[in-house]
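Below is one structure, written out as structure tokens, with a few remarks after it.
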Amino acid sequence: MRPAGCEAQILRALAEMPFIDRTSLAAVAGWSRGAVHGAVAGMDKDGLCDAVTHATGLFPAAERFHLTAAGLGRLAGDEDISLEELLRSRPVSDRWRNILLERLDTVASVYRLAAVLSGVARPIRLRWYRASPLDAAVSLPDGRTVGVVRRGHTADRSPFAKRMWKLRHGPLPGAVLALMPDAVRLRHSRRMLDGFPVPVFLAVESDAVHSELGDPVWSPQSVNAAVSLDQALDLMDPGGELPVEAEPQRTTVPDDLSAAGPGWGVPDCLLPAVLRPAEKKAIDLIGDWPWVSVKDLAGLMGVSPQRVSQVVAPLEALNLLVRPEGANGRLALTDRALAMLARRDRTSVSMAKTRWSAAPLFPSEPFHWTNVSGRQTRQLLRNLEHTAAVHSFLAAMTAQAAHLDWEVAQLDPPRRASRYFRHREGMRAVSPDAFGVLKKGDTTWPFFLEWERRAVRPSTMSARLAPYLRYYSSHRPTDDHGTRPAVLIVLDDDIARTHFLRLAREEMQATGVTIPLWVSHRNAVEELGPLGNSWRTPADPESLQGLLPR
């Protein structure tokens with residue numbers, strides 16, 4: 001039996017919160033799970049709502065429901081308004097549906113936060129934004145307002161800083177909850193948000209979506225502490241002003257999603273729902289490490305090459321991956337995949353293609369690094385020997401860490417591994433080939449990686465070391481990471497390693513700066529693995545050591 005009051009409330013909730021799952025819907029509506037499941041099942045049977053199945057690495061597969069044309073007509077009749085007015089006042093038009101489907105990973109996290117906030121008071125009101133710096137906002141019954149911002153996996157520092165600058169200078173809610181992809185970018189964003197006009201509370205997204213109201217996973221932007229969500233709400237300003245976006249000039253009733261065809265016939269907006277977690281992980285990794293081989297992708301994913309082939313095949317069928325003839329089977333993202341990631345993370349589609357497109361400049365010409373349109377991926381292809389060496393090192397480290405009961409918790413490509421800092425009134429940077437974090441229990445071990453093929457002369461070695469001497473002469477390494485990351489240098493041979501260790505020791509003694517430096521060479525790393533006893537340090541250049549703390 002379906003309670004009439006429950007069904008009417010769920011119709012309104014699905015109009016305000018399209019693509020919410022039944023667990024979050026029950027929490028937000030304040031009905032029992034059984035009542036919600038029964039009402040939704042009945043509405044689905046009557047054709048008033050439909051569902052897409054969605055899963056990520058953070059969320060198991062779940063059905064996410066939205067109103068059909070019949071459901072929208074029923075709700076318009078219940079509220080005694082025209083269908084046109086309903087489409088203008090709620091995020092249920094064809095355009096809105098596409099936006100929310102493109103951001104479905106963000107949608108899942110925001111609804112999880114809304115479910116937790118419902119534990120404070122009901123009824124809450126949730127508002128989605130198309131172009132505002134906020135992704136969404138929640139209004140509590142007592143008038144308090146909370147904005148939600150998610151920094152996506154591919155969002156670089158500058159575009160996100162610009163987004164937060166716009167938020168700072170517009171209407172502001174009483175507080176802002178900011179979801180971060182990892183702890184390092186959380187630290188960077190905290191510094192960026194210093195002096196923000198209203199309280200901002202940041203959390204790693206994986207921690208936030210798996211926490212409850214009383215779990216201390218949120219960090220205030222101005223205090224080095226962790227608070228729970230209910231404590232954060234106590235610290236927020238009352239009231240607040242939410243941005244108001246202009247109503248769309250044209251609205252269209254959405255078509256039935258079940259009309260999507262297989263393969264390339266799947267609409268772009270449906271890709272986040274169609275892809276499975278392993279496929280999404282593969283796309284993120286290939287986006288981070290273009291021109292990766294299947295073998296190295298298997299190492300990075302922690303699975304067998306056979307399993308990777310099973311993951312890659314449907315992605316190629318969906319025109320999300322490309323293996324150009326002449327690339328020796330190496331993988332890169334298509335423009336369709338780049339656009340999907342950019343829309344997911346609210347970054348520029350055109351900028352993503354300009355930098356990372358694997359499409360040929362001249363389709364009739366053979367594959368070559370000079371015939372790749374993406375500016376930065378073209379350089380990776382030009383220096384493919386170096387690119388492949390970094391991929392192989394990280395893949396081998398991931399596999400070896402698993403055997404030693406360590407987890408590679410984070411791997412950042414050069415564009416996210418770079419650190420910018422002030423030194424003697426000027427801006428400086430370290431630009432490593434990768435940054436990573438290994439984790440075991442409560443122990444974390446961060447590192448920078450430099451794979452050096454050209455550092456064979458003393459002047460070149462000194463130039464490679466100089467940025468790290470500047471960086472480690474400041475407090476920034478600890479500010480950025482909570483500790484001083486190791487700096488791993490891999491050289492071509494043992495002779496180069498011996499000379500580099502001597503020069504590093506002399507430079508550190510001359511400057512008084514100590515770098516946690518570990519030096520090895522290609523053959524030793526390939527023979528013993530990245531975590532094996534193949535490393536020497538300037539402090540003890542005669543002893544071979546492993547990297548990980550005991």
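Basis for what follows: all heavy atoms, side chains included, without hydrogens, waters or symmetry-related copies. Predicted, not measured: the structure shown is a model, and the values here were computed from it.
Residues that satisfy the side chain to side chain contact (heavy atoms under 4.5 Å, CB included) test with Arg307, not counting sequence neighbours, are Ala278, Val303, Ser304, Gln310, Val311. Remark: Phe435 engages Phe448, His481 in a ring pair (Phe, Tyr, Trp, His ring centres under 6.0 Å) (not counting sequence neighbours). Checked against ring pair (Phe, Tyr, Trp, His ring centres under 6.0 Å), Phe367 has the following partners two or more places apart in sequence or in another chain: Trp291. When the side chain to side chain contact (heavy atoms under 4.5 Å, CB included) test is applied to Asn371, the partners found at least two apart in sequence or on another chain are Pro360, Leu361, Phe362, Glu365. The salt bridge (Lys or Arg N to Asp or Glu O under 4.0 Å) search around Arg419 returns none, not counting sequence neighbours. Under the rule for a side chain to side chain contact (heavy atoms under 4.5 Å, CB included), the partners of Ala337 that lie at least two apart in sequence or sit in another chain are Leu320, Leu333, Thr334. Every ring pair (Phe, Tyr, Trp, His ring centres under 6.0 Å) that Trp165 has, sequence neighbours left out, goes to His169. Trp518 meets the ring pair (Phe, Tyr, Trp, His ring centres under 6.0 Å) test with no other residue; sequence neighbours excluded. For Thr370, the side chain to side chain contact (heavy atoms under 4.5 Å, CB included) partners are His368, not counting sequence neighbours.
Every pair passing salt bridge (Lys or Arg N to Asp or Glu O under 4.0 Å) that includes a residue from residues 285-299 is listed here, sequence neighbours excluded: Asp288-Arg415, Asp288-Arg416. For residues 431-448, the set of pairs meeting the salt bridge (Lys or Arg N to Asp or Glu O under 4.0 Å) definition, not counting sequence neighbours, is empty.
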- In sequence, state the C-alpha distance, the side-chain angles, and the governing distance for Trp535 and Phe447, and then conclude on ring-ring contact (aromatic ring centres under 6.0 Å, His included). CA-CA 14 Å; Trp535 301 88; Phe447 67 91; 9.3 Å; no
- Message: Before you tell me yes or no, could you show the steps for Arg163 and Asp135 under salt bridge (Lys or Arg N to Asp or Glu O under 4.0 Å), namely the whole-Å CA-CA distance, both residues' side-chain angles and the distance that decides it to 0.1 Å?
- Response: CA-CA 11 Å; Arg163 183 178 167 192; Asp135 287 301; 2.8 Å; yes
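No salt bridge links Lys162 with Asp156; every basic N to acidic carboxylate O contact stays at or beyond 4.0 Å. Ion pair Arg112/Glu212 flagged as a salt bridge, since at least one NZ, NE, NH1 or NH2 atom sits closer than 4.0 Å to an Asp/Glu carboxylate oxygen. Salt bridge absent: Asp105 and Arg150 never bring a charged side-chain N and a carboxylate O closer than 4.0 Å. Using a 4.0 Å cut-off between charged side-chain N and carboxylate O, Arg344 and Glu102 make no salt bridge. Between Arg323 and Glu316 there is a salt bridge, since at least one side-chain N of the basic residue sits less than 4.0 Å from a carboxylate O of the acidic one. Using a 4.0 Å cut-off between a side-chain N of Lys or Arg and a carboxylate O of Asp or Glu, Asp182 and Arg185 qualify as a salt bridge. Ion pairing between a basic and an acidic side chain is recognised when a charged N comes within 4.0 Å of a carboxylate O; Asp345 and Arg103 show no such pairing.
When atom types are taken as modelled, the side chain of Asn383 and the backbone of His386 share no donor-acceptor pair closer than 3.5 angstrom.
Counting only heavy atoms from C-beta outward, the side chains of Met340 and Ile283 approach each other to under 4.5 Å.
Within the cation-pi definition used here (under 6.0 Å to the ring centroid, within 45° of the axis), Arg64 does not qualify as a partner of Phe19.
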Using distance only, find each side-chain donor-acceptor pair of residues 523-533 under 3.5 Å and give its atom names and separation, not counting sequence neighbours.
from   : atom 1 : to     : atom 2 : distance (Å)
Asn533 : OD1    : Gly546 : N      : 2.9

